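Reading through the structure tokens given below for one structure.
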Amino acid sequence: ANGQQFSCSLPNSNAGDDNMQEFIYAYTPGEKKNSEKVKLTFVHPFSLVCFQLGSGSIRMTVNSIELGNIYLNGTFSTGQTSTADNGIGSWSFTGGKETYTATIGKRIPNDVNYNTIFGGPFVMVPQDLSSVSLTLKYEREEAGAENATETKIVNSLITTEIPKWEPGKRYIYTLSHGDNNEEIYFNVKVVDWDVVDYKNEIDVE
């Protein structure tokens, strides 16, 4: 009744990202090979999350990013809908919410330019964002003062336009924290995480 299923347990940090492999799947029930080829539509069951800094965020060294109150474990069910008809399954969660910590260690714009991805891409379980928080830990040069480590917390990543992460979508968060900003502001762009000719192109460092 639930179609095909798989379970995952994602890591709580980006320490092993070099060894991680995301996958695509195709589910087309009831197909038989006759004289024609069986056509399969491949889709991504996970979401992809990236971070970049806006041009106003000056003299900053980003130490780490923390995503709090997120699910890292779950079970995915394809359901009865065929992915050949652009259908996609759904997630259920196992275990409690955790914190994902990404070590960055990059100075902006010396190491990575403005409006360029410095954090990610991170593979995430699609989920509602109402309780997901962002903590940015960084060092910043202040006039007449030595570098000081600061922490800024965005209470929630949820927006009216993006209330949740969906399967097969890529989310790019642009953070802005200029000289006069006591808070960090952000906007988010969402694009399809396309599968084209069995190859997936992602901007990486």
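No experiment lies behind these values; they were computed from the predicted model shown.
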Looking at F122 versus Y100, is the centre-to-centre ring distance below 6.0 Å?
-> yes

Are side-chain N/O atoms of T99 and E66 paired as donor and acceptor at under 3.5 Å?
-> no

Side chains of K169 and W193: closer than 4.5 Å at any heavy-atom pair?
-> no

Carefully, step by step, assess D128 and W165 under the rule side-chain contact (heavy atoms from CB on, under 4.5 Å).
-> CA-CA 6 Å; D128 178 84; W165 294 331; over 6 Å; no

Minimum heavy-atom separation for A102 to N14, with atom names?
-> CA-OD1, 3.3 Å

With a 4.0 Å cut-off, would you call R170 and D192 a salt bridge?
-> no

For residues N73 and E98, is any side-chain donor paired with an opposing acceptor at under 3.5 Å?
-> yes

Roughly how far apart are E161 CD and T159 OG1, rounded to 0.5 Å?
-> 5.0 Å

Answer yes or no: is there a side-chain heavy-atom contact under 4.5 Å between L10 and F46?
-> yes

Taken to the nearest 0.5 Å, the spacing of F76 CZ from Q4 CD works out to 11.0 Å

Is it true that atom NZ of K164 has more than 12 heavy atoms of other residues, nucleotides or ligands lying nearer than 6.0 Å?
-> no

Can you check whether W91 and F6 have ring centres sitting under 6.0 Å from each other?
-> yes

Cluster link L175 to V191, ILVMFWY, side chain under 4.5 Å | no

Determine whether K106 and V62 make a side-chain contact, defined as any pair of heavy atoms from C-beta on separated by less than 4.5 Å.
-> no

Do T41 and T28 touch side chain to side chain, with heavy atoms closer than 4.5 Å?
-> no

Check whether any side-chain heavy atom of T101 sits under 4.5 Å from a side-chain heavy atom of N12, and report yes or no.
-> no

Any chance you could measure N187, atom CG, to T174, atom OG1, to the nearest 0.5 Å?
-> 4.5 Å

Any side-chain heavy atom of F118 sitting closer than 4.5 Å to one from I108?
-> yes

Is a donor on one side and an acceptor on the other found under 3.5 Å between the side chain of T83 and the backbone of Y27?
-> yes

Going by atom types only, do S131 and K97 share a side-chain donor-acceptor pair under 3.5 Å?
-> yes

Output the distance between atom CG (L53) and atom OH (Y173), rounded to the nearest 0.5 Å.
-> 15.0 Å

Beyond-backbone contact of I104 with N63, side-chain heavy atoms, under 4.5 angstrom | no

Considering non-hydrogen atoms only, spot the tightest contact between F93 and V125 and give its length.
-> CE2-CG1, 3.6 Å

Which heavy atom of S47 sits nearest a heavy atom of P126, and at what distance?
-> OG-CG, 3.4 Å

Only pairs at least two apart or in different chains count here, so list each side-chain hydrogen bond (donor to acceptor under 3.5 Å, both in side chains) that has a residue in residues 108-124.
-> R107-N110

Mind listing the closest non-hydrogen atom pair of P167 and I88 along with its distance?
-> CB-CD1, 3.4 Å

Whether Y171 side chain and E166 backbone form a donor-acceptor pair below 3.5 Å | yes

Which value, rounded to the nearest 0.5 Å, describes the distance between I65 atom CD1 and F51 atom CZ?
-> 5.0 Å

Minimum-distance pair of heavy atoms, taken over all atoms of S176 and G54 = OG-CA, 4.2 Å

Could you tell me whether the side chains of Q5 and S77 share a donor-acceptor contact shorter than 3.5 Å?
-> yes

V123 and I172: same hydrophobic cluster, using ILVMFWY side-chain contacts below 4.5 Å?
-> no

Please round to the nearest 0.5 Å and tell me the distance separating atom CD1 of I70 and atom CG of L129.
-> 10.0 Å

Return the minimal non-hydrogen interatomic distance between P45 and V43, and the atom names on each side.
-> CD-O, 3.6 Å

